[in-house]
Structure formats: structure tokens, C-alpha cells
Amino acid sequence: MADGPAARLREVHLRIEGAARAAGRDPAEVRLLAVSKTFGAEAVAAMARCGQTEFGENYVQEGVAKIGALRAEWPALCWHFIGPLQSNKTRDVAAGFDWVHSIDRVSVARRLSAQRPPPGEHGVPAPLQVCLQVNVSGEASKSGVVPEELPGLAREVARLPGLRLRGLMCIPAPATDAAAQRAPFARLRELRDDLAARLGLSLDTLSMGMSADLEAAVLEGATIVRVGSALFGERPARAQR
Ligand SMILES: *Cc1c(COP(=O)(O)O)cnc(C)c1O
């Protein structure tokens with residue numbers, strides 16, 4: 001078993017490369033998002049020293065604190081918000097993060113757009129890059145827009161000046177066999193292709209795949225995989241949420 005951030009990072013890159021080659025894809029098309037939720041700023045800095053630049057956070061307060069703690073030493077890190085987002089927490093996300101993957105309501109999108117600081121302020125480049133979270137598992141999941149309501153939401157979000165719609169994200173119900181893992185990812189890719197054609201937009205992002213199923217996601221076209229425990233180790237059970 002790999003231990004230490006450098007070895008873990010290398011192992012995850014090898015997994016991504018293996019799956020990309022099996023799919024006939026260029027491994028460079030797949031960005032690795034290191035999900036650092038529940039781990040401290042020091043763990044992020046250790047991963048940054050190994051060359052990792054993109055980090056994902058689920059909880060607003062925790063993420064904002066880490067971004068603040070690391071900004072001086074690591075100003076070029078790219079921060080992605082990937083957790084459930086309530087309307088009353090949008091301001092900190094709009095100001096502190098570069099990406100949001102978990103938009104599933106137009107009310108939250110409107111607030112993020114209005115609250116996104118103009119370019120140059122706080123050193124953030126506008127607009128905020130966003131993905132719509134889609135519920136591809138039906139009853140099993142409470143977050144994400146249902147596929148039927150996706151085109152309507154996408155149309156609204158694409159119009160918001162503070163946001164740039166990049167694509168779709170999903171968190172399927174856990175599955176262990178490869179075919180069951182791949183099905184929801186294939187579905188998300190089809191939804192993305194359909195949406196891009198309908199709206200006439202280039203949606204270049206499919207945010208899908210985590211530690212347990214990143215190969216299946218890469219085989220189905222993931223452009224961002226969100227990997228936590230395979231990079232940072234197991235999270236304390238209580239904080240897994
Ligand atoms: C925690 C989390 C991940 C990473 O999960 P691992 O199984 O630890 O790789 C990815 N995406 C989201 C939205 C998460 O909340």
C-alpha cells in the first residue's frame with residue numbers, strides 16, 4: 001500500500017492514466033481534484049508540494065478557513081466547492097472559490113452570480129466556473145436536479161453574468177461491479193451531450209468519479225475526477241457525512 005502524499009498521488013495518477021488509455025483517451029484530458037474535506041491546511045500544503053494544484057471542499061466554513069490559511073504561501077491553487085450549498089452560505093463561496101460543482105437550484109445560482117466579485121477584486125478572476133449537479137440515481141439521492149428539469153435550469157444558469165456554465169456533475173449511488181458503476185456515468189455524458197446540442201453551448205466538463213469508481217468514470221468520459229480518501233487516507237467516520 002502506498003503511503004505518503006507523493007506515493008498516493010502517483011498511484012491515483014497511474015489509475016487515471018490506465019483508464020484513459022483503456023478508453024483511447026489522452027490522460028491529460030482528465031483533471032484530478034483532490035478532495036481535502038476534513039483534512040487540515042497542512043495536508044493540503046503537503047499535497048501541493050507534490051505538485052497537486054486543484055482542491056475540493058464540501059463545507060463552506062472549513063473550506064474558506066483553509067483557503068485563507070494557504071493563500072499567502074500557495075496563491076495559485078484552484079479551489080472547487082463540491083458540497084451541498086445553502087442560500088445563506090453563497091457569499092463566502094462566491095468570493096473564495098474558483099469553481100462550484102453542486103448547483104441544483106436556480107435560486108442558489110442567482111445568488112452566486114450576484115455575489116461574485118468583479119475581476120481583480122480579492123484577486124479572483126470572474127466568472128465563477130460552475131457545474132450543475134444531476135441526480136442520476138433517482139430515489140437513492142436527494143441532491144441534484146432531476147434530468148427532466150435539467151434543460152430549464154441550464155438555460156437560466158447560462159444567462160447569469162457572474163457564472164460560466166462548464167458542465168455536469170453527479171454522485172451516483174455506490175456500486176461495486178464495473179457495469180453498474182459505469183451506467184450512471186454514461187447517463188451523465190448523454191445528458192451533457194444532449195444539453196450542449198439543445199443550448200448550443202460547449203459544455204466541456206463532466207465532474208464524475210471518486211476513489212472507488214474513478215476508472216469507470218474515466219472510461220465514460222470524466223474530465224474531472226474528485227478523489228479524497230485515495231489521496232488523503234480514510235476520513236474519520238463521524239465526518240464522512
Ligand atoms: C467526499 C467527496 C468526494 C471524494 O470521495 P472519496 O470517496 O473519498 O474519494 C468526491 N465528491 C464529493 C462530492 C464528495 O463529497
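Heavy-atom basis, side chains included; hydrogens, waters and symmetry copies ignored. First listed ligand is number 1; within each ligand, the first listed atom is number 1. Numbering of residues begins at 1 and proceeds along the displayed sequence.
- Aromatic ring orientation, F55 versus F232: tilted (interplanar angle from 30° to 60°).
- Heavy-atom proximity to atom 10 (C) of ligand 1, evaluated over Q133, M169, E57, M210, is greatest for M210.
- Note that CG of L33 and CD1 of I224 are 6.5 Å apart. Values are rounded to the nearest 0.5 Å.
- Ionic pairing of E220 and R192 is not present here: no N-O contact between side-chain nitrogen and carboxylate oxygen is shorter than 4.0 angstrom.
- For the pair W99/C131, a side-chain contact is recorded, criterion being any heavy-atom separation below 4.5 Å from C-beta on.
- If you number the atoms of ligand 1 from 1 as listed, the ones under 4.0 Å from a heavy atom of I82 come out as 11 (N), 12 (C), 13 (C), 14 (C).
- Short contacts between ligand 1 and R226, defined as distances under 4.0 Å to a heavy atom of the residue, involve ligand atoms 4 (C), 9 (O), 10 (C), 11 (N), 12 (C), 13 (C).
- Residue contacts with ligand 1, taken as heavy atom pairs separated by less than 4.0 Å, involve N58 solely via side-chain atoms from C-beta onward.
- Close approach of ligand 1 to I171 (heavy-atom distance below 4.0 Å) involves ligand atoms 13 (C).
- Residue contacts with ligand 1 do not include H101, since none of its heavy atoms lies under 4.0 Å from the ligand.
- Residue K37 touches ligand 1 through its side chain alone, judged by heavy-atom distances below 4.0 Å.
- Residue G228 places at least one N or O, backbone or side chain, under 3.5 Å from an N or O of ligand 1.
- Sorted by first and then second residue, the side-chain hydrogen bond (donor to acceptor under 3.5 Å, both in side chains) pairs involving residues 164-177 (not counting sequence neighbours) are Q129-R166, R166-D204.
- The contact set between ligand 1 and V227, taken as ligand atoms under 4.0 Å from a residue heavy atom, comprises 9 (O).
- For R21, the salt bridge (Lys or Arg N to Asp or Glu O under 4.0 Å) criterion is met by no residue, not counting sequence neighbours.
- Distances from atom 9 (O) of ligand 1 to the heavy atoms of A34, S211, S36 show the closest one on S211.
- R91 CZ: 12 or fewer foreign heavy atoms inside a 6.0 Å radius.
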